[in-house]
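Report on the structure given below.
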Amino acid sequence: MSIALHGIGIGMSRTIAIGAASVIQNNSPEIQAGSVTDSQIEGEIARLHAAVEHTRQHLKQIKSDIASHTATDIVAFIDTHLLMLEDSVLIEPPVELIRQQGLSAEWALQLHYQCLVKTFDEIDDPYLRTRKDDVNHVITQIQKHLLGQADVMLEPGQQAGQIVVGSDLSPADIILLFKQGISGLVIEHGGPVSHSAILARSLGIPAVVGVHHATRLLHNHDVLIIDADNNTVVSQPDKASLEYFRKRALKQKSRLKALKNLRHKTSTTKDKKAVCLQANIELQSDLKAVLKNSAEGVGLYRTEFLYMNHSGIPDENEHFEHYLSIVKTLKGLPLTLRTLDLGADKQNKGNSSAGDERRCINPALGLRAVRLCLQEPELFLPQLRAILRVALHGPVKIMIPMLSCLDEVNCIRKIIRQTRRQMQQQGIACAEHIELGGMIEVPAAALSADAFASQLDFLSIGTNDLIQYTLAVDRMDDEVNYLYTALHPAVLQLIQKVIDAGKRHQVPVSMCGEMAGNPRYTRLLLLMGLQTFSMQSGSLLAVKEVIRNTSLQKLQSYKSALHKLDSVRSAEKLLLKINQQ
Ligand code: PEP
Ligand code: MG
């Protein structure tokens, strides 16, 4: 019998896969409480260290196997895990538990993991919250080595073309499976910004994540279809569906080939209006894809990763060296540095002067991003000084996240002035002028867009947060994800307000949330008057293709319908019409 399961579809380019299911059960080892005798303690600690070393060697092996032919951001996932293995925060507490309580190495790791999970659950930012997955994956790997368990491996000779169904898979697992030639992934847990999703996207593997009970409902050798466009997995399809999806997959393949030809073509509409396409980056390693896909600069650099991969607070020179190398790689293309977007509960231990005792009642609405920067200058000032220095070396802009009121802009301007003066007094060369922009991702800021446009050099719409705050829907919460949509008329009205305010004040407006990188929305956003889009590099060509096939003039006939939208359904209908034009 044919069944359809729903989740969240991942796929920038390839979204359809057809293959036989390979279900991975219990990828995480079952850890029982265990103890050792006093005389065994030192041996147990040595066993733990040996397992850590095995894990390190294993990850290095995976990294060296993939480095030559894979996108560098994928390598970065492995690097993150290698860095974690170096971190005393991960290994020392279990060593202490073994030493003081005589626990087995596996159990000590497990208890420490449970402790870390509690801390991570209080993190507000969805991306950074997924760092919990990293800790889980690294600890699971060590535990597997302790228990002598093998890697995820498919049955020999049957790997190519299989669709792997798993509860949760680590980046290392996914890379291993990718190398075995799998054609798709169905994962029970995670959302659109979980690591499995990001990695699947980077590797171009069609995937659906957040498919609850998939490992129970799907069986080895079942014929599966992944339709990531429609967030669906179909098991045991009938002949007609199979035929339909085979045709769609073939069409998609030839389209992807054609997309590559757009790399060096201009991003202009049929009626010759230029649209600026920029890239979002998180890691330095993302730059390769930025250049390969001819982005016109970086519209969003999420700098918080520098803080997250650090055991303390990065100092001014670390910031400077890092930014300088990015500026050099970009060779004159603009770099928009978003100042750190961490929250009070999102910091590593060493990062908060206020210590760990501070708890946000609701972190999403608490001390984060610009609020934190204003409250904790020791976090913000080294970054700001580095930005002012690096701006002498290339076109660098500052972008402030999570603005909600104009006072924040005034305070930031004042801090920039004071910092510049202080640096000049210290004889440190820094930029006399730097463009200051703000992210509009809080409804209050969108409603006050005119005021922000009058005070800032540019605005960038962060739809990921704007949607979550407008609709009161946590963007990471599976349970309410069905309500999370860019097509809610309230969201569209706020976006329109920001674009219009930018026009009135002649201030450039871009969009850097996920909506900007989804080709489904490209025409709608063009109709709304958006001229600059910033997105993951992998989406640039698909969006460019839509732009090149669009006549702005023809789109105008949908303007009055756009203003009359009163429901998600009516917006979907309009989108369909616009996209069929
Ligand atoms: C956004 O909110 O749209 C955005 C780009 O910021 P982030 O996803 O980093 O919160
Ligand atoms: Mg945001």
Side-chain angles (χ1 to χ4, degrees), residues 8 73 123-131 191-195 197-198 201 277-283 286 295 297-308 335-346 363-373 383 397-404 408 437-446 449 452 458-477 481 484-488 491-492 494-495 498-499 509-518 521 525 530 532-540 543:
I8 299 159
D73 52 343
I123 290 177
D124 160 47
D125 182 281
Y127 190 96
L128 298 177
R129 214 187 306 157
T130 62
R131 289 281 144 139
V193 288
S194 62
H195 277 176
I198 292 170
R201 212 178 269 142
L277 295 187
Q278 297 190 323
N280 295 350
I281 62 168
E282 279 142 22
L283 301 163
D286 294 336
V298 170
L300 166 65
Y301 171 26
R302 290 180 164 104
T303 58
E304 48 275 9
F305 284 86
L306 204 60
Y307 292 81
M308 287 308 291
L335 170 66
T336 313
L337 275 144
R338 177 174 79 182
T339 52
L340 92 158
D341 188 3
L342 293 177
D345 287 333
K346 281 189 267 174
L365 308 179
L367 189 64
R368 55 172 294 197
V370 65
R371 303 167 186 186
L372 179 71
C373 287
Q383 175 173 48
K397 307 175 194 189
I398 300 182
M399 182 158 79
I400 309 295
M402 282 287 296
L403 289 169
S404 63
E408 288 162 338
M439 283 192 71
I440 305 296
E441 45 189 349
V442 174
F452 283 101
F458 64 94
L459 305 177
S460 187
I461 308 171
T463 47
N464 305 345
D465 277 318
L466 186 61
I467 297 169
Q468 109 163 324
Y469 290 128
T470 306
L471 304 180
V473 175
D474 186 330
R475 64 199 238 200
M476 280 293 282
D477 189 339
N481 233 305
Y484 185 96
T485 171
L487 290 181
H488 193 295
V491 174
L492 295 176
L494 291 176
I495 293 172
V498 182
I499 295 172
V509 173
S510 71
M511 178 180 284
C512 61
E514 292 294 307
M515 188 184 186
N518 187 337
Y521 299 130
L525 293 171
L530 190 72
T532 304
F533 296 62
S534 191
M535 65 198 76
Q536 273 209 10
S537 298
S539 304
L540 285 162
V543 170

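Just so you know, ligand 1 is whichever comes first in the structure, and atom 1 is the first atom listed for that ligand. The first residue of the sequence shown is numbered 1, and numbering continues consecutively from there. Everything numeric here is computed off the predicted structure, so don't read it as measured data.
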Restricting to N/O/S atoms, is Asp341 within less than 2.8 Å of the Mg ion (ligand 2) or not? no
Short N/O distance, under 3.5 Å, between [X] and ligand 1?
{"X": "Glu514", "answer": "no"}
{"X": "Glu441", "answer": "yes"}
{"X": "Arg368", "answer": "no"}

Could you check whether any side-chain heavy atom of [X] comes within less than 4.5 Å of a side-chain heavy atom of [Y], counting everything from C-beta outward?
{"X": "Val543", "Y": "Leu277", "result": "yes"}
{"X": "Val491", "Y": "Leu471", "result": "yes"}
{"X": "Leu340", "Y": "Cys373", "result": "yes"}
{"X": "Ile461", "Y": "Ile499", "result": "yes"}
{"X": "Leu403", "Y": "Val442", "result": "no"}

Gln468: heavy atom below 4.0 Å from ligand 1, yes or no? no
So is Met515 close enough to ligand 1, meaning a heavy atom under 4.0 angstrom away?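 No, Met515 has no heavy atom closer than 4.0 Å to ligand 1.
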Would you mind finding which of Ile467, Asn464, Asp465, Val442 brings a heavy atom closest to atom 10 (O) of ligand 1?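 Going through Ile467, Asn464, Asp465, Val442 one by one, Asp465 has the nearest heavy atom to atom 10 (O) of ligand 1.
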Any chance the side chains of Ser510 and Ser460 put a donor and an acceptor closer than 3.5 Å?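 Yes, a side-chain donor-acceptor pair sits under 3.5 Å.
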Mind checking what makes side-chain contact (heavy atoms from CB on, under 4.5 Å) contact with Thr339, not counting sequence neighbours?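 For Thr339 the side-chain contact (heavy atoms from CB on, under 4.5 Å) partners, ignoring immediate neighbours, are Phe380, Gln383, Ile387, Ile398, Ile400, Pro401.
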Any salt bridge between Asp341 and Arg302, counting N to O under 4.0 Å?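 Salt bridge absent between Asp341 and Arg302.
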I need the contact type for Ile461 against ligand 1. Using non-hydrogen atoms and a strict under-4.0 Å cut-off, is it side chain, backbone, both or neither? neither
Of the backbone atoms (N, CA, C, O) and the side-chain heavy atoms from C-beta on, which set of Arg338 has a member under 4.0 Å from an atom of ligand 1: side chain, backbone, both, or neither?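 Under 4.0 Å from ligand 1, Arg338 contributes side-chain atoms alone.
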For the Mg ion (ligand 2): the N/O/S atom of Glu441 at shortest distance: OE1
What's the atom name of the N, O or S in Asp465 nearest to the Mg ion (ligand 2)? OD2
Using a 4.0 Å cut-off to any heavy atom of [X], which atoms of ligand 1 qualify?
{"X": "Arg302", "value": "4 (C), 5 (C), 6 (O), 7 (P), 8 (O), 9 (O)"}
{"X": "Leu300", "value": "5 (C)"}
{"X": "Met439", "value": "4 (C), 5 (C), 6 (O)"}

Check Met535 against Gly517 and note the closest heavy-atom contact, atom names and distance. CB-CA, 3.6 Å
